[in-house]
Amino acid sequence: MAGLKLVHLYKRYENSGKKKSIQNNYAVNDLNLECAQGEFLALLGPSGCGKTTTLRMTAGLEDITKGDIYIGDTRVNDLAPKDRHIGLAFEDYAMYPPMTVYENIAFNLRAKKVDKNEIDRRVREIAPLMQVEDILDTMPVKLSGGQKQRVNIARAIIRRPELLLMDEPLSHLDGKARQAMRVEIKRLINEIKCTTVYVTHDQLEAMSLADRIAIINFGVLQQVGTPAEVYDNPVNEFVASFIGEPPMNIMETKIIKKDGNFFFTFEGSDLNIHVPERYYSVIEDGFKCKMGVRPMDLLIGDENSKGTPERIATFENLGDERRIGIRVGNTLMMLITENERRYKSGDIIRLEVRGEKTHLFDLETGNRIREK
Amino acid sequence: MNKGSKRLLTITQNGLLFIYAIFALFPLIWMVLLSIKSDTQMYTTTFNFTPTLSNYTEVLLKTDYFKYLLDSLIVAGGAVIISVIAGVPAAYALARYDFKKKEDIAFQILSFKFAPEILVVLPLFMIYQTLGLYDSYFGLIWVYQLISMPLLIWVVRGYFEDISVEIEHAAQVDGYSWYQIFFKMLLPLIKPGLVSAALLAFIFAWNTFTFPLLLAGSKIQPITVAITKFLGTDTAHYGQLAVAATVSALPAIIFALCIQKHLVRGLSFGAVKG
């Protein structure tokens with residue numbers, strides 16, 4: 001087991017017609033990232049952001065334009081994929097169609113000319129772990145997506161890799177299988193305790209699996225932190241809107257001063273939200289920025305509430321939670337409540353905001369405006 | 001649709017297919033019939049004749065017929081073998097790598113099939129005379145490529161494109177060299193397409209007439225050209241001609257029958273993207 005270190009990593013695609021480089025010449029741009037030994041790191045970002053490219057460079061399937069990759073203490077830039085001691089689970093499973101599941105799993109050990117009995121012992125050892133004992137003699141075409149992914153992962157871990165890489169392993173599975181597999185992976189990682197880099201575009205996967213999450217956009221690293229850190233303390237608008245489902249409500253706001261207090265006001269709405277005092281040092285009357293608040297931090301007040309009366313635009317009952325949409329200017333602000341009451345659109349509620357949970361973002365850069 | 005009209009449809013479909021089958025097979029049947037008639041009964045259109053095998057003994061035993069067959073086999077077979085050796089890597093490159101003018105090159109290869117043979121054969125004839133390729137196995141194999149290679153490359157390319165590139169990457173991470181991956185993983189996967197394309201290319205090459213007619217002389221005579229020898233200057237031995245044609249058509253027919261199940265699937269597989 002070893003850690004992973006990416007130092008000033010760049011990737012540039014020569015062919016400028018490629019999709020990846022429309023926004024930015026670099027698919028990966030000055031990426032510095034460290035994954036400690038035994039840590040589960042998720043690379044999270046929208047598609048085309050360079051996370052898979054990073055993974056593929058780490059695996060040695062893609063050339064490195066500039067920068068260094070260290071696995072443990074070894075610089076692996078010039079090593080062939082097979083010499084990097086990695087296990088890689090592919091997005092499309094990449095099963096070898098003419099071989100049975102058993103042979104697929106054993107394929108790597110056979111390449112290393114491991115003794116036949118030893119191969120058999122290790123396949124039999126890993127099969128129950130991945131719950132593939134029953135399908136060892138099956139051909140890959142007959143497997144379901146979930147089974148293929150189990151085999152795919154079994155194949156990646158049988159070589160006992162220093163570093164386990166997973167490239168969107170759940171993206172081709174449907175809802176239920178995906179959730180079941182997510183739990184599987186969590187259990188598996190707890191059991192084998194391998195350093196893991198996990199690429200995903202699904203924030204839920206990253207939040208539930210990872211020790212730390214690295215959020216990437218347009219090839220640039222935005223933030224690295226534990227799930228709690230990136231959720232509670234996003235560095236910019238992108239991270240704030242990417243983490244959390246439904247995403248954080250982010251709205252343009254103008255701050256006005258009234259009776260010595262500051263309030264967020266919104267164009268086309270009479271909603272007023274008290275600005276937390278910690279921001280007073282960085283704002284002034286008429287200051288324009290964006291305000292972000294998570295749906296969970298909007299509350300419905302009771303009859304005596306001083307909250308602004310607002311009309312409900314949409315109401316969704318999801319069983320264990322209810323989502324209420326309120327029109328603020330021309331955006332829909334989402335609110336999540338566990339309140340049992342069934343509303344309908346048109347109802348008036350008293351909207352209260354946990355002011356201390358609001359975030360400010362710069363209008364232009366999208367960076368978080370922090371209290372001093 | 002009710003049962004009656006469904007049945008009517010089936011009957012109509014089969015009836016049309018039957019008519020087409022007669023239309024398509026009639027020349028073959030006529031050829032076989034001719035081959036067992038004697039020269040005197042050649043021009044009768046009734047089926048009233050005494051079958052004879054004299055044409056067969058005449059052609060197969062008293063001429064160099066098998067030498068011509070062998071020539072055809074060497075030339076067509078050689079062309080297909082070279083097409084496979086050079087065409088499979090070419091198809092792989094066209095399917096996997098991004099390089100400048102890739103589509104142009106692919107189209108160029110296909111365009112070899114556009115020009116009528118008669119159009120290119122004259123300049124080829126002069127070039128072959130100068131280079132000393134005229135009337136040589138090598139020269140004929142070379143020109144037969146024009147027939148077999150494009151077909152093979154285009155079919156096999158489709159197969160390669162259908163194989164996820166991740167399979168190759170997985171094998172690479174597993175520690176296999178490119179050659180091992182190619183022979184162990186990719187070759188078995190493209191085999192149906194490769195086999196059907198190669199056999200079809202062989203049939204096309206086998207049946208070529210224009211190229212060998214003008215680019216081969218007395219030394220090498222593929223069967224298609226040799227058949228014309230039975231049309232003498234004074235008399236046309238239609239019976240012998242028919243025997244020569246019947247026997248020369250056999251390999252192609254046998255091949256086509258053997259692979260027909262794979263042929264349709266093999267050639268259409270690459271076209272359907274799942």
Side-chain angles (χ1 to χ4, degrees), chain A residues 13-18 52 55-62 79-99 103-114 139-141 148 151-159 161 163-169 172, chain B residues 88 91-107 155-196 262 265-266 268-274:
Chain A
Y13 285 104
E14 287 306 320
N15 190 343
S16 60
K18 276 213 168 157
T52 296
L55 190 84
R56 289 165 54 82
M57 282 195 282
T58 310
L61 297 172
E62 195 101 46
L79 289 183
K82 67 182 167 79
D83 300 324
R84 296 190 182 196
H85 305 293
I86 50 159
L88 179 51
F90 288 88
E91 182 179 353
D92 290 334
Y93 320 129
M95 311 278 281
Y96 308 125
M99 299 182 178
E103 287 168 322
N104 263 283
I105 297 175
F107 196 61
N108 165 259
L109 298 179
R110 286 195 183 151
K112 287 190 191 146
K113 309 247 182 317
V114 176
M139 296 306 262
V141 279
K148 278 187 194 164
V151 178
N152 189 10
I153 295 172
R155 211 170 50 162
I157 58 177
I158 194 163
R159 71 197 71 179
L163 177 65
L164 179 61
L165 306 172
M166 294 198 195
D167 185 6
E168 310 225 15
H172 289 299
Chain B
V88 172
Y92 179 84
L94 285 171
R96 279 284 185 268
Y97 298 116
D98 250 338
F99 48 88
K100 270 186 194 166
K101 305 267 180 199
K102 179 170 102 166
E103 287 311 314
D104 295 344
I105 291 172
F107 184 77
V155 171
V156 174
R157 181 192 183 188
Y159 270 77
F160 277 128
E161 278 172 349
D162 274 2
I163 302 171
S164 163
V165 76
E166 287 196 343
I167 288 181
E168 281 173 59
H169 291 153
Q172 225 175 315
V173 176
D174 275 343
Y176 286 85
S177 72
W178 186 87
Y179 289 99
Q180 284 171 313
I181 297 169
F182 188 83
F183 286 108
K184 275 193 177 167
M185 310 274 25
L186 300 181
L187 221 48
L189 290 175
I190 62 158
K191 210 169 78 186
L194 182 61
V195 170
S196 47
H262 307 283
R265 211 187 42 183
S268 58
F269 174 78
V272 184
K273 302 281 178 203

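Every chain is numbered from 1 and lettered A, B, ... according to where its sequence line falls, protein lines coming before strand lines.
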**Prompt:** Looking at Lys112(A), Arg159(A), Lys82(A), which one forms a side chain to side chain donor-acceptor pair (under 3.5 Å) with Asp174(B)?
**Reply:**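 The option that passes is Arg159(A).
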
**Message:** So which residue, Lys184(B), Lys100(B), Gln172(B), ends up with the most heavy-atom pairs under 4.5 Å with chain A?
**Reply:**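 The residue among Lys184(B), Lys100(B), Gln172(B) with the greatest pair count is Gln172(B).
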
**Asked** Got a sec: does the OH of Tyr179(B) have more than 12 other heavy atoms crowding it under 6.0 Å?
**Response**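 No.
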
**Message:** As an exercise, state the distance from CE of Met95(A) to OG of Ser164(B), rounded to the nearest 0.5 Å.
**Reply:**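 Here the rounded value is 12.0 Å.
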
**Asked** Between OH of Tyr176(B) and CZ of Arg110(A), what distance do you get to the nearest 0.5 Å?
**Response**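 Tyr176(B) OH to Arg110(A) CZ: 7.5 Å, rounded to 0.5 Å.
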
**Message:** Donor-acceptor check, side chain of Glu166(B) to backbone of Phe90(A), threshold 3.5 angstrom: yes or no?
**Reply:**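 No.
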
**Request:** Give a yes or no on whether the backbone of Ala171(B) and the side-chain of Tyr96(A) come within a donor-acceptor separation of less than 3.5 Å.
**Result:**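 Yes: the side chain of Tyr96(A) pairs with the backbone of Ala171(B).
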
**Message:** So which residue, Ala89(A), Gly87(A), Ala94(A), ends up with the most heavy-atom pairs under 4.5 Å with chain B?
**Reply:**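 Top count of heavy-atom pairs under 4.5 Å with chain B: Ala94(A).
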
**Message:** If I compare all heavy atoms of Val173(B) with all of Asn108(A), which pair ends up nearest, and what's the gap?
**Reply:**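 Heavy atoms only, the tightest pair is O-ND2, 4.3 Å.
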
**Asked** Can you check whether Met185(B) reaches Pro98(A) side chain to side chain, under 4.5 Å on heavy atoms?
**Response**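 Met185(B) reaches Pro98(A) side chain to side chain.
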
**Prompt:** Any side-chain heavy atom of Pro97(A) sitting closer than 4.5 Å to one from Ile167(B)?
**Reply:**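 With C-beta onward as the side chain, the pair touches.
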
